[in-house]
Q: 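Submitted below is the structure of interest, expressed as structure tokens.
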Amino acid sequence: MKRVLLIEDDRDIVELVRYNLEREGFQVAAANDGPRASCKFASRLRTMLLLDLMLPKLSGLEICRDIRRDQALNRLPILMLTARGEEADRVVGLEMGADDYVTKPFSPRELVARVKALLRRAEPPGETPRVIETRGLMIDPSSYPRHA
């Protein structure tokens with residue numbers, strides 16, 4: 001199961017995001033500030049992070065920067081979910097290490113689609129190629145020897 005950590009201080013947004021992601025089969029944990037988020041990270045490895053920029057105690061940019069510096073977490077997909085929608089804010093967020101940036105207000109359907117797309121790009125390629133079948137012909141790429 002894909003596990004998402006949402007760091008957001010607005011409870012209504014937490015519930016909206018949680019409801020929509022859980023309907024799609026995600027497990028969602030939430031924290032409302034940076035220090036609480038670090039406890040959630042320490043307790044369980046996450047598949048993805050949804051991160052607000054304007055948080056109490058520790059900004060989302062600081063959290064993003066710290067994650068990108070951490071060897072154990074630096075490949076974690078990060079989607080910024082924030083009210084700061086100016087071009088300069090988006091650029092800074094992406095330059096600090098965010099993989100995508102969604103501004104509030106947002107469409108829950110679009111957010112779920114972006115989460116899925118980001119996770120597809122982050123997944124390593126599958127070990128076993130799929131069988132291709134057309135007009136009675138089957139090709140199984142895994143049955144052919146690999147050349148180095």
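Keep in mind it's a predicted model, so treat the numbers as computed, not measured.
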Q: Given Leu53 and Tyr101, is the side chain to side chain contact (heavy atoms under 4.5 Å, CB included) satisfied, shown in steps?
A: CA-CA 10 Å; Leu53 282 181; Tyr101 197 101; 3.3 Å; yes
Q: If you take all heavy atoms of Gly85 and Thr103, which pair is closest and at what distance?
A: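 Of all heavy-atom pairs spanning Gly85 and Thr103, the closest is CA-CG2, 3.4 Å.
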Q: Would you indicate whether the side-chain heavy atoms of Met54 and Ser59 approach each other to under 4.5 Å?
A: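 With C-beta onward as the side chain, the pair stays apart.
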Q: Could you check whether any side-chain N or O of Thr47 sits under 3.5 Å from a backbone N or O of Arg3, counting only pairs where one atom can act as donor and the other as acceptor?
A: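 Yes.
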Q: Could you go through Asp52 and Lys104, starting from their C-alpha distance and side-chain angles, then the distance that decides it, and tell me whether this counts as salt bridge (charged side-chain N to carboxylate O under 4.0 Å, His left out)?
A: CA-CA 10 Å; Asp52 187 7; Lys104 299 172 190 173; 3.4 Å; yes
Q: Could you tell me which residues satisfy salt bridge (Lys or Arg N to Asp or Glu O under 4.0 Å) with Glu24, sequence neighbours excluded, listed by chain and number?
A: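 Here the qualifying residues are Lys116.
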Q: Kindly give the heavy-atom pair with the smallest separation between Leu73 and Ile67, and that separation in Å.
A: O-CG2, 3.6 Å
Q: Which heavy atom of Pro77 sits nearest a heavy atom of Ala122, and at what distance?
A: CG-CB, 3.6 Å
Q: Do side-chain atoms of Glu22 reach the backbone of Tyr19 as a donor and acceptor pair under 3.5 angstrom?
A: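 Side chain of Glu22 to backbone of Tyr19, a donor-acceptor pair under 3.5 Å: no, none is there.
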Q: Report the distance from atom CG of Leu51 to atom CD of Glu8, rounding to the nearest 0.5 Å.
A: 9.5 Å
Q: For Val17 and Leu50, what are the C-alpha separation, side-chain angles and deciding distance, and is it a side chain to side chain contact (heavy atoms under 4.5 Å, CB included)?
A: CA-CA 10 Å; Val17 171; Leu50 296 179; 3.7 Å; yes
Q: Can you find a pair of side-chain heavy atoms, one from Leu79 and one from Leu49, that are under 4.5 Å apart?
A: no
Q: Which is it for Leu58 and Asp33 under the side chain to side chain contact (heavy atoms under 4.5 Å, CB included) test, yes or no, and what are the steps along the way?
A: CA-CA 7 Å; Leu58 189 62; Asp33 62 33; over 6 Å; no
Q: Under the side chain to side chain donor-acceptor pair (under 3.5 Å) rule, what pairs show up with a residue in residues 83-100, not counting sequence neighbours?
A: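 Only Arg68-Asp99, Arg84-Asp89, Asp100-Arg114 qualify under side chain to side chain donor-acceptor pair (under 3.5 Å).
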Q: Is it true that a side-chain atom of Arg18 and a backbone atom of Val28 form a donor plus acceptor pair closer than 3.5 Å?
A: yes
Q: Step by step, work out the side chain to side chain contact (heavy atoms under 4.5 Å, CB included) result for Ile63 and Leu55.
A: CA-CA 10 Å; Ile63 294 169; Leu55 294 166; 3.7 Å; yes
Q: Which heavy atom of Met80 sits nearest a heavy atom of Gly60, and at what distance?
A: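 Reported closest heavy-atom pair: CE-O, 4.3 Å.
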Q: Contact between Leu119 and Met48 at the side-chain level, heavy atoms closer than 4.5 Å - yes or no?
A: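 SC-SC contact between Leu119 and Met48 confirmed.
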Q: Determine the minimum heavy-atom distance between Leu61 and Gly93, stating which atoms define it.
A: CD2-CA, 3.9 Å
Q: Looking at CG of Leu5 and CD of Gln27, how far apart are the two atoms once the value is rounded to the nearest 0.5 Å?
A: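 Going from the CG atom of Leu5 to the CD atom of Gln27 covers 11.0 Å.
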Q: Quick check for you: to the nearest 0.5 Å, what is the distance between Asp66 atom CG and Asn74 atom CG?
A: 12.5 Å
